[in-house]
Each structure stands twice: as C-alpha cells, then as structure tokens.
Amino acid sequence: MDRRTITLQQIAGILVLAICVSCSGNKSKTITLESEADLTGLTISCGAGNYYEHKYSARPDVTVFACATQADALQAVRQGLADVFVGDEIELTEPNRKRLGVKVAMYGEDSFEVAFGIKKGNTVLLEQFNAFLKTIPIQDIINRWTKDGPQVEDPNIGHTVSSEPLHCVVCNNLEPVSYVGEGGKWMGMDPDILTRFANYLGRPINFSFIDLGGAVTAIQTGQADFMAGNIFVTEERKTFMDFTDYYYICHPVFIVADHDSKVHVGLAERLRMNLVREDRWKLITQGLTETIKITLLSILIGTVLGIGVCSALRSRRNWVRSAIGLYCSFIQGTPTLVLLLIMFYVIFAGSGMSASIVAIITFAFSFASSAGSIFDSSISTVPVGQTEAGLSLGFTPFRTFTGIVMPQALRKGLPLYAGECVKLLQSTSIVGYIAIQDLTRASDLIRSRTFDALIPLLIITIIYFVLAWLIRKLLNLLITRK
C-alpha cells in the first residue's frame with residue numbers, strides 16, 4: 001500500500017469519526033438545579049469576557065469553561081464538555097432549545113440593565129440616542145422579537161439617508177437579540193432599534209460581527225459607534241465606555257442538556273440547515289470573495305514590496321542592509337495576529353480606513369519580508385560566474401540579470417514562494433478579529449445559528465484546500481514554463 005493510499009484512508013477515517021461524534025449524544029442523566037448552590041462541582045460554560053465568566057471564576061467550587069461566543073458555550077453543553085450553560089434569558093427561544101436538545105434548568109435571581117455601548121466622551125451621539133429612545137414604542141419592539149407581539153412600523157419607510165454611515169459591532173449571533181438572517185441581513189431586537197435610530201438621523205448603518213473583547217476595543221479606539229448584542233451595564237464597563245439609557249431588563253438562565261429528548265437530524269437536513277435556509281450559502285460565497293480579494297491583493301503588493309526588500313538586502317550600503325534586516329526580523333518575530341491588531345486598533349485607529357484595506361496592508365508587509373528573503377536567497381544560489389560570463393559576452397548588467405540570473409533564480413525560488421503564498425492564504429483566517437467577514441468568519445456565523453460545527457467547518461476546509469491547491473498548481477505551471 002503506497003503512501004498516498006494511507007493518507008486518503010486516514011483522512012476518510014477522521015471524517016467518519018467526526019460525523020459519528022457530531023451525531024452521537026451524551027446519554028447521561030439530565031442535571032436538575034434548584035438554586036445556584038447546586039452548581040457546586042459542575043463545569044459552567046459561558047461567553048469569554050462576559051459578566052458570568054467573571055462571576056463564576058471567583059467561585060472555587062465550580063469550573064468555568066469560557067468560549068469565544070455564546071453559541072460555542074451552548075455547544076459545549078451539547079457535546080458534554082460542560083454541564084451547564086449560563087446566559088441571558090432572552091438569547092435562546094423555546095423552539096431552538098427543543099431543536100438542540102437542551103432545556104432550562106432554572107432562572108437566576110440577578111437582573112441586569114441592557115443598553116448599547118458608545119465610545120467614552122461621545123456625548124453628542126449619546127444624547128441623540130437617548131432622545132430617540134423616548135420617541136419609539138420600545139416595548140412593542142421587544143415584544144415583536146421576544147413574544148411575537150404587535151408588529152410595528154417598518155423602520156425603512158419614509159427616511160432619507162446620507163452618505164456617512166453609523167458603524168455597529170455586534171458580539172452576539174443568537175435569536176432574538178441579534179442574528180444574521182436571510183440574505184446575510186442582520187436582524188433581531190438590537191439591529192431593529194439601531195436601524196430605527198440610523199433612520200432617525202437620516203444615516204445608513206453597518207453591522208459587523210466580532211467577539212466581546214474585540215468589540216470593546218473597537219469602541220475604545222473609535223472604530224465603531226455602537227456596541228450591541230444584549231450588553232449589560234456594569235460599573236466596570238462604565239470605566240472605559242459610556243452606555244445609552246437602558247431599554248431592557250434581563251435575567252440569567254441556566255441551560256442543561258436534555259437527555260430525555262430524542263433529537264436526530266439527518267445529513268441531508270443538516271446540509272439544508274447550514275446552506276439552504278436563510279440563503280446561508282451566500283455567507284460562504286461572500287466570505288470566499290473577501291478571502292480571495294485579501295489574499296491576491298496582499299500577494300501582489302507584497303511581491304512588489306518584496307522586490308524592494310531584496311534590493312535593499314543586496315545593497316552595498318551597510319545601513320540599508322541593517323535597516324531592512326531589522327524590519328525583516330521584526331516582521332518574522334511578531335505573530336501576524338498581533339501585527340494585524342496593532343495596525344487596525346493603533347496605527348490606523350481613527351483613520352477611517354476600512355478593515356479590509358488595513359488587512360491587505362498588514363499581510364502585504366508581512367509577505368514582503370518573506371518574499372524578499374526568498375528572492376535574495378534564490379539569486380545568491382546562482383554562481384557569480386554566470387553573471388561574469390554574461391558581462392564578458394557584452395550583455396548589459398540588466399540584460400545579464402533578466403536573461404541569465406533571473407530564470408535560474410526563479411526555478412529555485414518559486415517552490416518556496418508558492419509555499420509563502422499558501423501560508424498567506426491560511427493566515428487570512430484571522431481577519432475576523434477586526435470584524436471582516438471572510439471565509440472563516442462566515443463559518444462562525446453559520447454555526448452560531450445552526451449549532452452544527454461539522455458541516456460549516458468541513459465546507460471551508462475543502463475550500464481552503466482547493467484554493468491552496470490552485471495556488472501551487474498555477475505557480476508550478478510557471479516553474480515548468482521557466
């Protein structure tokens with residue numbers, strides 16, 4: 001049996017195992033709770049950075065399993081990684097609880113004021129929103145999303161829109177608070193209120209999905225005007241952001257796996273749920289477009305900059321070589337994610353530059369360092385005698401380089417260059433940290449709605465594999481031609 005056959009069998013085995021695990025359920029006894037004292041000895045899942053993580057981390061008798069999103073925290077209970085999920089009573093409707101095979105164990109006694117976060121000191125926007133809040137039927141809006149109550153006027157009717165948009169970061173993708181609905185449109189209680197406010201001002205509004213920590217940073221740096229997603233007003237948060245007047249009072253809910261339920265969803269239904277319903281396949285195509293755009297532009301710009309890096313590395317001036325060497329060392333020694341966050345939240349904070357452009361610039365500078373080093377190493381492998389022979393035949397230095405040195409360098413350097421291109425493609429999966437809806441973020445949005453990790457992750461894995469294969473294939477054709 002050859003190596004390729006073994007590899008294919010291993011891949012098939014992993015996929016079969018993943019499907020079996022994702023379809024199987026924990027048949028343990030359903031947990032019952034009467035008070036928070038019954039949480040002793042249990043593992044509690046919650047969203048990372050939220051109130052519940054801080055509260056229960058202070059209790060030595062429980063274990064906290066903090067996840068990036070509320071949806072992942074709830075999934076941890078379904079997979080048996082945690083015993084209890086604690087969240088907000090409004091965040092998961094009864095039909096969804098039945099579909100997911102979970103149930104409410106108890107409601108907490110705490111109560112929290114829910115509002116929108118605004119950058120500290122932005123008093124004009126704060127006063128405008130608080131004045132607007134008094135003019136709308138807020139209870140009708142809440143009932144519309146939480147209790148299917150009376151319908152209210154369409155917020156898009158009868159308003160003129162100017163060119164300057166409001167930017168809102170959403171850190172919750174659960175019904176009925178805020179979620180991506182049909183066609184990729186943000187829906188729910190919070191988007192409804194904020195869309196009405198934008199129309200009240202005569203301005204458009206943009207929504208971006210980001211984790212809680214990233215949303216806080218976006219507000220602090222002015223990259224966003226509003227922070228939404230059932231945000232609690234706490235004294236700690238008041239120290240680094242302002243809050244609008246509250247519009248809802250929320251209570252905690254404790255959810256456990258309902259092992260008495262008989263929930264089974266077939267593969268065909270899972271595919272429909274993850275791709276067909278609400279046109280969720282469009283999230284994948286939009287994310288794919290964003291990923292390809294960032295990758296190709298970063299490679300193109302990075303290659304041009306890489307030529308400059310290569311020239312500087314081969315400069316006769318010591319200070320030029322030292323300066324570019326320091327640049328390469330800094331880029332290669334800094335994690336790409338950290339570099340991206342620095343560029344977005346520090347260097348370009350408040351510049352008005354879109355997150356996609358910042359990502360392209362970041363990846364281009366990172367790619368230039370690697371590409372320049374590859375170009376320099378490839379040229380160095382060509383014997384000096386080749387250059388001397390060309391010059392002795394009467395060729396100009398430029399023609400000697402382009403006709404003799406460069407073709408040999410390309411044959412040796414292109415395989416490494418192709419590897420860096422694939423590495424860049426893979427690195428783009430982190431752009432969701434600055435609220436870009438790329439391929440990976442599209443997968444996050446889908447599984448936050450469907451609570452099905454396998455199908456979305458499997459789809460984007462295949463897409464990334466195909467993209468990487470295409471990059472290598474195209475560059476290999478270029479190598480063969482050379």
Just so I know, are the side chains of Ile301 and Phe363 near enough to count as touching, which here means a heavy-atom distance under 4.5 Å? no
Any heavy-atom pair between the side chains of Tyr56 and Cys46 that's under 4.5 Å? no
Residues, nucleotides or ligands: over 12 heavy atoms within 6.0 Å of Glu94 CD: yes
Under the side chain to side chain contact (heavy atoms under 4.5 Å, CB included) test, which residues partner Ile463, sequence neighbours left out? Ile284, Leu288, Leu439, Ile459, Leu467
Does the side-chain contact (heavy atoms from CB on, under 4.5 Å) test come out yes or no for Ile193 and Met189, once each step is laid out? CA-CA 6 Å; Ile193 296 171; Met189 182 175 70; 4.2 Å; yes
How long is the straight-line distance from CD of Gln332 back to OG1 of Thr336, given to the nearest 0.5 Å? 10.5 Å
Which of these, Leu305, Ile331, Ile324, sits in a side chain to side chain contact (heavy atoms under 4.5 Å, CB included) with Ser369? Ile331
Between Cys328 and Val309 the two heavy atoms that sit nearest each other are SG-CG1, 3.9 Å
Given salt bridge (charged side-chain N to carboxylate O under 4.0 Å, His left out), test Lys55 with Glu36 step by step and report yes or no. CA-CA 12 Å; Lys55 176 180 178 179; Glu36 292 199 20; 3.3 Å; yes
Could you check whether any side-chain heavy atom of Leu212 comes within less than 4.5 Å of a side-chain heavy atom of Met227, counting everything from C-beta outward? yes
Rounded to the nearest 0.5 Å, how far does CG of Leu296 lie from CG of Leu425? 9.0 Å
Smallest heavy-atom separation, Val102 atom then Arg78 atom, equals CG1-CG, 3.9 Å
Just so I know, are the side chains of Asp225 and Ile118 near enough to count as touching, which here means a heavy-atom distance under 4.5 Å? no
Check whether Thr285 reaches the backbone of Lys282 with its side chain - one donor and one acceptor, N or O, closer than 3.5 Å. yes
Can you give me the closest heavy-atom contact between Val431 and Ala359, atom names plus distance? CG1-CB, 4.0 Å
Going by side-chain hydrogen bond (donor to acceptor under 3.5 Å, both in side chains), name the pairs with one or both residues in residues 420-431, residues two or more places apart or in two chains. Ser370-Glu420
Is there a donor-acceptor pair closer than 3.5 Å between any side-chain N or O of Asp38 and the backbone N or O of Ser35? yes
Pair Phe129 and Phe132, ring centroids less than 6.0 Å apart: yes
Over all atoms of both residues, closest heavy-atom pair of Leu201 and Leu125: CD1-CD1, 4.4 Å
Minimal non-hydrogen separation, Leu100 against Thr450, with atom names: CD2-O, 4.2 Å
With Thr69, which residues qualify under side chain to side chain donor-acceptor pair (under 3.5 Å), at least two apart? Asp72
Has Arg270 got a side-chain atom pairing as donor or acceptor with Asp452's backbone, closer than 3.5 angstrom? no
Quick check against the 3.5 Å criterion: does Asn50 have a side-chain atom that pairs as donor or acceptor with the backbone of Gly47? yes
Suppose we screen for salt bridge (charged side-chain N to carboxylate O under 4.0 Å, His left out). Which residues come up paired with Asp444, at least two apart in sequence or across chains? Arg441, Arg447
Do Leu283 and Gln286 come within less than 4.5 Å of each other through their side chains, counting heavy atoms only? yes
Would you check if Leu267 and Ile455 make a side-chain contact, meaning some heavy-atom pair closer than 4.5 Å? yes
Once side chain to side chain donor-acceptor pair (under 3.5 Å) is applied, do any residues pair with Thr239, and if so which ones, sequence neighbours excluded? none
Distance-only criterion, 3.5 Å: show the donor-acceptor pairs between side-chain atoms of residues 165-174 and protein atoms not counting sequence neighbours.
from   : atom 1 : to     : atom 2 : distance (Å)
Asn172 : OD1    : Leu174 : N      : 3.0
Asn172 : ND2    : Glu91  : OE2    : 2.5
Asn173 : OD1    : Val180 : N      : 3.1
Asn173 : ND2    : Leu445 : O      : 2.9

Do the side chain of Arg203 and the main chain of Glu164 share a donor and acceptor less than 3.5 angstrom apart? yes
Show me the donor-acceptor pairs, under 3.5 Å and distance only, between side chains in residues 240-258 and residues at least two apart or in other chains.
from   : atom 1 : to     : atom 2 : distance (Å)
Asp242 : OD1    : Lys120 : NZ     : 3.4
Asp242 : OD2    : Gly121 : N      : 2.9
Thr244 : OG1    : Phe116 : N      : 3.1
Tyr247 : OH     : Asp190 : OD1    : 2.6
Tyr247 : OH     : Asp190 : OD2    : 3.3
His251 : ND1    : Asp110 : O      : 2.9
Asp258 : OD1    : Asp260 : N      : 3.2

Summary of side-chain hydrogen bond (donor to acceptor under 3.5 Å, both in side chains) pairs that have at least one residue in residues 211-220, sequence neighbours excluded: none
List the residues meeting ring-ring contact (aromatic ring centres under 6.0 Å, His included) with Phe344, not counting sequence neighbours, and say none if there are none. none
Do Tyr52 and Ile44 touch side chain to side chain, with heavy atoms closer than 4.5 Å? no
Would the distance check show the side chain of Ser45 and the main-chain N or O of Ala73 forming a donor-acceptor pair, the cut-off being under 3.5 Å? yes
Worked check of salt bridge (charged side-chain N to carboxylate O under 4.0 Å, His left out) between Asp192 and Arg196: CA-CA 6 Å; Asp192 191 338; Arg196 291 169 183 275; 2.6 Å; yes
Is it the case that the side chain of Gln75 and the backbone of Ala71 share a donor-acceptor pair, with hydrogens and angles ignored and the cut-off at 3.5 Å? no
Can you pull the side-chain hydrogen bond (donor to acceptor under 3.5 Å, both in side chains) pairs that have at least one residue in residues 457-470, sequence neighbours excluded? Thr440-Tyr464
Sequence neighbours excluded, the answer for ring-ring contact (aromatic ring centres under 6.0 Å, His included) partners of Tyr51 is Phe112
Distance in Å, Leu133 CG paired with Tyr200 OH, rounded so as to fall on 0.5 Å steps: 10.5 Å
Answer yes or no: does atom CZ of Phe365 have more than 12 heavy-atom neighbours from other residues, nucleotides or ligands under 6.0 Å? no
Closest approach of Glu53 and Ala66, non-hydrogen atoms and distance? OE2-CB, 3.6 Å
Please determine whether side-chain contact (heavy atoms from CB on, under 4.5 Å) holds for the pair Thr63 and Leu42, giving the CA-CA distance in whole Å, both sets of side-chain angles, and the decisive distance to 0.1 Å. CA-CA 6 Å; Thr63 302; Leu42 299 181; over 6 Å; no
Step-by-step salt bridge (charged side-chain N to carboxylate O under 4.0 Å, His left out) determination, Arg449 to Glu175: CA-CA 8 Å; Arg449 292 281 288 131; Glu175 294 183 50; 2.6 Å; yes
With rounding to the nearest 0.5 angstrom, report the CD1 to CG distance, Ile292 to Leu297. 11.5 Å
Would you say that Leu33 contacts Ile31 through its side chain, given a criterion of any heavy-atom pair below 4.5 Å between the two side chains? yes
If you look only at pairs with a residue in residues 340-368, which of them pass as a side-chain hydrogen bond (donor to acceptor under 3.5 Å, both in side chains), with sequence neighbours excluded? Glu290-Ser356
Distance col, row Ile430:CD1 vs Asp438:CG, nearest 0.5 angstrom, shows 9.5 Å
